[in-house]
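Since this is a predicted model, take the numbers as computed values, not measurements. Residues: numbered from 1 along the sequence shown.
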Amino acid sequence: MDFLGDSNVASAIDVVVFVREIIETNPKLRVSIITRLLDTFYQIRAARVCSCALWIIGEYCLSLSEVESGIATIKQCLGELPFYSVSEEGEATDASKKTPQANSITVSSRRPAVLADGTYATQSAASETAFSAPTVVQGSLVSGNIRSLLLTGDFFLGAVVACTLTKLVLRLQEVQPSKAEVNKATTQALLIFVSMLQLGQSPVLPHPIDNDSNDRIVLCIRLLCDTGDGIRKIWLQSCRQSFVKMLSEKQLRETEELKAKAQVSHAQPDDLIDFYHLKSRKGMSQLELEDEVQDDLKRATGEFVNDNDDANKLNRILQLTGFSDPVYAEAYVTVHHYDIVLDITVINRTKETLQNLCLELATMGDLKLVERPQNYTLAPESSKQIKANIKVSSTETGVIFGNIVYETSNVLERTVVVLNDIHIDIMDYISPAVCTDAAFRTMWAEFEWENKVAVNTVIQDEKEFLNHIIKSTNMKCLTPVSALDDECGFLAANLYAKSVFGEDALVNLSVEKQADGKLSGYIRIRSKTQGIALSLGDKITLKQKGGG
């Protein structure tokens with residue numbers, strides 16, 4: 001916990017998040033952690049670390065001494081009130097010898113005046129009183145780390161301070177028998193809240209307080225003025241229960257990841273390597289030998305597919321020509337990481353021999369043909385299997401197009417049959433992956449390519465639409481299931497996938513149900529390269545309506 005005040009913000013955040021998890025999972029360490037946190041709290045200089053530490057103080061200060069120490073620590077780090085003041089300067093010299101300045105007021109009679117901070121001042125005759133502009137009061141305490149952050153305009157931290165003090169005061173009402181002490185703590189907390197609101201609305205800061213932080217602080221003021229049992233239960237119990245649920249889901253995800261890694265068979269350094277040609281064939285039948293050879297070939301060519309059903313193979317057969325064309329062609333596409341293999345069947349449907357039949361292919365995108373086309377002679381009503389190998393260099397939707405050219409003995413000119421385009425699906429190159437929320441936010445801020453797709457679907461349920469997008473894009477939903485349970489008309493989720501080339505694909509889905517029942521919103525895709533962002537956007541645009 002000495003690293004909470006470290007200048008390296010990333011390490012300090014890791015420490016405070018770890019402390020937050022340990023204090024919940026190890027109840028025996030709660031007292032010692034709270035004591036040490038209160039002792040070292042003044043050393044924290046980062047706003048995010050300070051916010052997390054304040055949440056720990058508000059949730060886990062349970063006894064009377066801990067609650068009082070927590071309130072005292074926050075008051076000490078806030079410093080003296082108010083956060084700004086309007087100072088009054090009086091001149092003792094003769095007023096007639098001085099020319100009144102633009103910001104001075106000359107009063108000829110004795111009467112009370114209301115100053116900017118709400119106090120009263122008496123102005124005497126023939127005296128000149130100058131009111132200076134509002135200035136920030138830095139405070140006399142060196143340890144006012146919260147104060148220094150507030151004076152920079154960080155009112156989100158101010159809202160966290162208000163929530164923490166509200167929890168501590170509500171808990172003090174339960175553990176403190178003296179009503180006078182409770183009323184004193186409540187009054188002091190309300191004074192701090194009002195001072196933060198005045199600071200946010202004052203001209204001493206370049207930016208005023210944001211609406212969310214303002215509403216949160218006002219809610220804390222109303223709560224301390226009139227507390228109900230239901231609201232007290234939400235603030236003192238439900239927040240911690242949500243945190244416990246989040247930890248359990250995190251542990252469940254980690255367990256599932258460990259199980260998935262355990263299922264992957266890794267070769268040990270001392271495992272034997274079987275060489276087929278050097279292996280003893282004693283005790284093995286000819287059928288077993290042939291099966292082993294076929295398995296080795298499939299491993300080498302990457303033809304091992306988990307679902308070897310016929311339907312999956314039929315989905316990969318593409319018709320290249322029409323049934324009325326003299327030459328019929330169809331292709332079976334096999335994608336294996338960096339290679340695409342086109343197994344093209346060409347059928348001569350005429351009664352003539354086709355000479356110099358050539359399959360001419362061209363690519364668009366990061367695709368490259370490996371072999372040059374060859375000429376074939378095709379007998380009447382016969383077929384030919386032609387293979388074409390294509391290399392892939394990046395995750396991008398590529399297009400393969402071309403034609404079949406042939407000659408006949410009756411016609412001197414060459415005949416050209418144009419083939420249908422073959423679109424290489426980006427889904428063949430990306431797979432679901434997992435990353436932490438911090439890593440997702442970091443990549444989201446760093447990646448420069450973004451594709452924004454408007455939601456246009458006939459699906460009217462938010463979760464159904466999310467599941468449809470996950471299935472269509474072959475991505476992993478990083479948002480916990482508990483965050484998607486309630487029916488509120490809004491849904492926001494983060495999706496993540498990784499390509500075989502090591503590229504990251506980030507998707508943020510944000511939808512809202514309109515009054516007419518339709519969904520509206522946006523799907524934003526970010527990646528380091530332009531190709532994957534555009535390709536995923538095209539895929540989502542094609543699939544989001546729910547038709548395919």
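Asn456 places no side-chain N or O within donor-acceptor distance of the main-chain N or O of Thr541, the cut-off being under 3.5 Å. Side-chain N or O atoms of Asp461 include one that pairs as donor or acceptor with a backbone N or O of Lys463 at under 3.5 Å. Within the 3.5 Å criterion, the main-chain N or O of Glu450 finds no donor-acceptor partner in the side chain of Arg524.
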Query raised in the report: When you look at Ile146 and Cys50, which way does the side-chain contact (heavy atoms from CB on, under 4.5 Å) test go after all the steps?
Result: CA-CA 8 Å; Ile146 301 181; Cys50 197; 4.0 Å; yes

**Report entry** Stepwise side chain to side chain donor-acceptor pair (under 3.5 Å) check, Tyr60 with Glu66
**Finding:** CA-CA 9 Å; Tyr60 295 97; Glu66 292 171 351; over 6 Å; no

Requested in this report: Could you walk me through whether Val16 and Trp55 pass the side-chain contact (heavy atoms from CB on, under 4.5 Å) test, one step at a time?
Outcome: CA-CA 11 Å; Val16 75; Trp55 186 88; over 6 Å; no

Requested in this report: Tell me, with the steps shown, if Asn494 and Trp444 meet side-chain contact (heavy atoms from CB on, under 4.5 Å).
Outcome: CA-CA 11 Å; Asn494 293 331; Trp444 188 268; over 6 Å; no

**Report entry** Chi angles and distances behind the side-chain contact (heavy atoms from CB on, under 4.5 Å) call for Thr457, His468
**Finding:** CA-CA 11 Å; Thr457 180; His468 177 68; 5.9 Å; no

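The two residues Ile532 and Ser527 come nearest to each other via the heavy atoms CG2-OG, 2.8 Å. Closest non-hydrogen pair, Trp449 versus Thr529, comes out as CD1-C, 3.5 Å. Here the shortest heavy-atom pairing between Ala189 and Leu224 reads CB-CD1, 4.0 Å. Annotation for Ala493 and Thr479: closest pair CA-OG1, 3.2 Å, computed over non-hydrogen atoms. Heavy atoms only, all atoms of each residue included: Gly70 and Ile57 are closest at CA-CG2, 4.2 Å. The heavy-atom pair separating Cys61 from Arg171 by the smallest distance is O-CD, 3.0 Å.
Between Leu536 and Ile430, some side-chain heavy-atom pair lies under the 4.5 Å cut-off. In this structure, the side chains of Arg216 and Cys163 come closer than 4.5 Å at one or more pairs of heavy atoms. For the pair Lys250 and Glu21, the minimum side-chain heavy-atom distance is below 4.5 Å. Within the 4.5 Å cutoff, no side-chain heavy atoms of Ile525 are placed close to those of Lys539. Counting heavy atoms from C-beta outward, Leu506 and Tyr496 have side chains that approach closer than 4.5 Å. Residues Glu462 and Phe465 have side chains not in contact (no heavy-atom distance under 4.5 Å, counting atoms from C-beta outward). Counting heavy atoms from C-beta outward, Phe83 and Leu151 have side chains that approach closer than 4.5 Å. For the pair Leu466/Leu495, a side-chain contact is recorded, criterion being any heavy-atom separation below 4.5 Å from C-beta on.
Atoms CD and CD1, from Gln241 and Ile234 in turn, are 10.5 Å apart once rounded to the nearest 0.5 Å. Rounding to the nearest 0.5 Å gives a distance of 4.0 Å between CG of Leu199 and CZ of Phe155. The OG1 atom of Thr436 sits 8.0 Å away from the CZ atom of Arg441 when rounded to the nearest 0.5 Å. Note: Asn508 CG to Lys452 NZ = 10.5 Å, rounded to the nearest 0.5 Å. Considering CD1 of Ile44 and CG of Leu37, their distance stands at 6.0 Å, rounded to 0.5 Å. Taken to the nearest 0.5 Å, the CG atom of Asp437 stands 10.5 Å off from the OG1 atom of Thr442.
For Arg20 and Glu59, the salt-bridge test fails: no basic side-chain N is under 4.0 Å from an acidic carboxylate O. A salt bridge between Lys528 and Glu503 is absent, with no side-chain N of the basic residue lying under 4.0 Å from a carboxylate O of the acidic one.
Annotation for Phe447: atom CZ counts as buried by contact number, over 12 foreign heavy atoms lying within 6.0 Å. Atom CZ of Phe156 sits in a sparse spot, with 12 or fewer heavy atoms from other residues, nucleotides or ligands closer than 6.0 Å. Annotation for Arg30: atom CZ counts as buried by contact number, over 12 foreign heavy atoms lying within 6.0 Å. Around atom CG of Asn8, more than 12 heavy atoms belonging to other residues, nucleotides or ligands sit under 6.0 Å away.
Shown here are the side-chain hydrogen bond (donor to acceptor under 3.5 Å, both in side chains) partners of Lys476, two or more places apart in sequence or in another chain: there are none.
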